[in-house]
Amino acid sequence: MTQVWKPIGKQDIISLTGIVETLLGGQSFAWNSLSNHRWRGVISRSVIELQWKKRQLSWSQTGGTPLNESTLLDYLWLDDSYIAAIDALPWRSDYILNRAIQKFSGLRILRQPIEEVLMVFLLSSAKSIPQIKELRTKIHRLLGNDLGGGNYAFPGWDRLASLSEEKARSLGMGYRAKYLVGTARFLQQRPDWLDELKQLSYNQAKMTLMELPGVGPKIADCVLLFGGGKTEAFPIDTWIFQSLQKQYRLEGWKVAQMQDFAQIHFGQHAGLAQQFLFSLERTEARKSLSQK
DNA sequence: AACCAGGATAGCA
DNA sequence: TGCTATCCTGGT
């Protein structure tokens, strides 16, 4: 049976590096590369492959429940609001940001389900991308529905609540196990809590999220940016911290001050700028590492 | 063989 | 408010 590929419409500003960074750069842990220009991932309960060929992005469903194209377009933020968001960033006056936007043209924030994003970022502290993926896969295999082809769905927080801390530790989560279990127990009592979060303003949602065990400012921002539709969220991890210190000359600034700087300088879609700077910083770090 | 990693938290000054 | 040690585990 030959694989059916459907072209994705609007995509004039996508580049290969932009796609790679978007899918594999650390905002989602659901994607893996099959080759240099082909990737497989799970979107809710659908197994999807993406392909970049002749400067054209196309998609194919290889398992799970059928996915509407409109759902895919929303997931990939493929609408005019992306172009407007890019245009609203201060690239005209910010040379660093401008360079990153050129280099990673088409890099975007995926609109992922907030419950999935919360789980992976609870496990993310002091872990590398491959390690987070590994933990995620173990949990999905243990508790999620089988989608065929070795792919498993996100189990949902109700099933996660059945996990004991001991069992979670046996999967290799370490001290993060109590965060996951604690959050699962909390959400079990408050089933609508996560969805209601999206109705709140960014600042309120962030404060609220930080009530969960294991969620501090950084992880709260990740959850809101990648899963909560809050593009003003600006997660400051060590990479961004470095970038702001070196590129933006903010040596000696505290994280809270940098947070304010980011809101003022980058504005309403600060999180999108963050993603570009993140990719730039990480790529340059890898480059200098390989030169040693 | 120490040391650190894409953080959060408790304890103390 | 600001600083530090500690938490698990795996990689260098």
Side-chain angles (χ1 to χ4, degrees), chain A residues 20-31 100 104 107 109-110 112 116-139 142 163-187 206-227 233-247 250-260 262 270-292:
Chain A
V20 170
E21 279 299 307
T22 300
L23 298 178
L24 308 176
Q27 57 172 301
S28 168
F29 304 91
W31 293 89
F104 301 99
L107 170 62
I109 305 295
L110 297 173
Q112 305 174 72
E116 298 187 27
V117 174
L118 176 59
M119 185 189 82
V120 289
F121 280 95
L122 272 174
L123 303 174
S124 70
S125 89
K127 286 283 184 194
S128 66
I129 292 174
Q131 291 174 325
I132 299 166
K133 280 188 175 176
E134 179 67 25
L135 279 177
R136 173 185 176 277
T137 302
K138 281 184 186 172
I139 296 170
L142 182 68
L163 207 57
S164 68
E165 183 177 334
E166 189 183 20
K167 179 69 181 172
R169 278 181 180 267
S170 76
L171 296 177
M173 293 180 202
Y175 62 86
R176 303 158 197 83
K178 63 178 180 295
Y179 298 156
L180 184 77
V181 170
T183 293
R185 301 266 188 275
F186 178 91
L187 293 178
K206 184 172 178 179
M207 297 306 289
T208 308
L209 261 178
M210 286 168 60
E211 292 171 15
L212 294 174
V215 179
K218 189 269 180 181
I219 290 181
D221 273 334
C222 287
V223 172
L224 290 174
L225 178 60
F226 303 135
F234 190 90
I236 299 181
D237 55 34
T238 57
W239 294 102
I240 293 299
F241 190 75
Q242 300 276 335
S243 173
L244 291 176
Q245 279 188 330
K246 293 184 299 193
Q247 315 284 358
L250 301 188
E251 292 96 346
W253 288 46
K254 297 180 175 96
V255 173
Q257 295 175 309
M258 288 180 170
Q259 200 84 58
D260 292 338
L272 182 58
Q274 185 268 4
Q275 208 58 24
F276 280 103
L277 297 178
F278 178 84
S279 292
L280 188 67
E281 190 68 23
R282 221 168 53 105
T283 306
E284 311 235 307
R286 270 189 305 220
K287 195 195 299 171
S288 65
L289 197 67
S290 65
Q291 281 172 352
K292 285 182 183 172

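Each chain gets a letter, A, B and so on, in the order its sequence line appears, and its residues count up from 1. What you see below is based on every heavy atom in this structure, not just the backbone, and it leaves out hydrogens, waters and symmetry mates.
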### Query
Would you call Glu281(A)-Lys246(A) a salt bridge at under 4.0 Å N-O?
yes

#### Entry: Residue Glu166(A) excluded, over 12 heavy atoms near CD under 6.0 Å
no

### Tyr175(A)-Ser125(A) side chain donor-acceptor pair, cut-off 3.5 Å
yes

#### Entry: Interatomic distance where CZ belongs to Phe121(A) and C1' belongs to dA5(B) [whole Å]
15 Å

### Query
Base, sugar-phosphate, or nothing for Gly182(A), non-hydrogen atoms under 4.0 angstrom?
nothing

### Message
From CG of Leu122(A) over to P of dA8(B), roughly how many Å is that when rounded to an integer?
### Response
10 Å

#### Entry: Secondary-structure notation, DNA chain B, from Watson-Crick and G-U pairs under 3.5 angstrom (| other strand)
.||||.|||||||

#### Entry: Rounded interatomic separation in angstrom, taking CD1 from Ile132(A) and C1' from dA5(B)
10 Å

### Task
Could you check how far CH2 of Trp239(A) sits from P of dG6(B), rounded to whole Å?
6 Å

### Query
Given atom NZ of Lys218(A) and atom P of dG7(B), what is their separation to the nearest angstrom?
6 Å

### Task
Nearest whole angstrom, please: distance from the C1' of dT1(C) to the NZ of Lys254(A).
9 Å

### Task
For dG11(C) and dA8(B), measure between their P atoms and round to the nearest Å.
23 Å

### Task
Under 4.0 Å between any heavy atoms, over every strand shown, what does Leu212(A) touch: base, sugar-phosphate, or nothing? Just pick one.
sugar-phosphate

### Query
Is Pro235(A) touching bases, backbone alone, or none of the nucleic acid, heavy atoms closer than 4.0 Å?
nothing

### Message
Using ring centroids (six-membered ring only for Trp), state whether Phe29(A) and Phe121(A) fall under 6.0 Å.
### Response
yes

### Message
Can you build the contact string for nucleotides 6-12 of chain C? Use B for base contact, S for sugar-phosphate-only contact, and - for no protein heavy atom under 4.0 Å.
### Response
-BBBS--

## Note on the structure
Testing dA8(B), dC3(C), dG7(B) for proximity to the side chain of Pro217(A), the answer is dA8(B)

### Query
Contact class for Thr238(A) vs. all strands (heavy atom < 4.0 Å): base, sugar-phosphate, or nothing?
sugar-phosphate

### Query
Taking atom CE of Met207(A) as the centre, does the number of heavy atoms from other residues, nucleotides or ligands within less than 6.0 Å exceed 12?
no

### Query
Considering only heavy atoms from C-beta outward, does the side chain of Thr22(A) approach that of Ile109(A) to under 4.5 Å?
no

### Task
Assign Gly214(A) to base, sugar-phosphate, or nothing according to its heavy-atom contacts below 4.0 angstrom with the strands shown.
sugar-phosphate

### Message
Taking the nucleotide of DNA chain B with the nearest heavy atom to each, does Val215(A) or Phe226(A) sit closer to the 5' end?
### Response
Phe226(A)

### Query
Roughly, in whole Å, what's the span from CZ in Phe278(A) to P in dG6(B)?
9 Å

### Message
In this structure, how many angstroms lie between the C1' atom of dG6(B) and the CD atom of Gln274(A), rounded?
### Response
10 Å

#### Entry: Min side-chain heavy-atom separation Ser28(A)-Leu23(A) under 4.5 Å
no

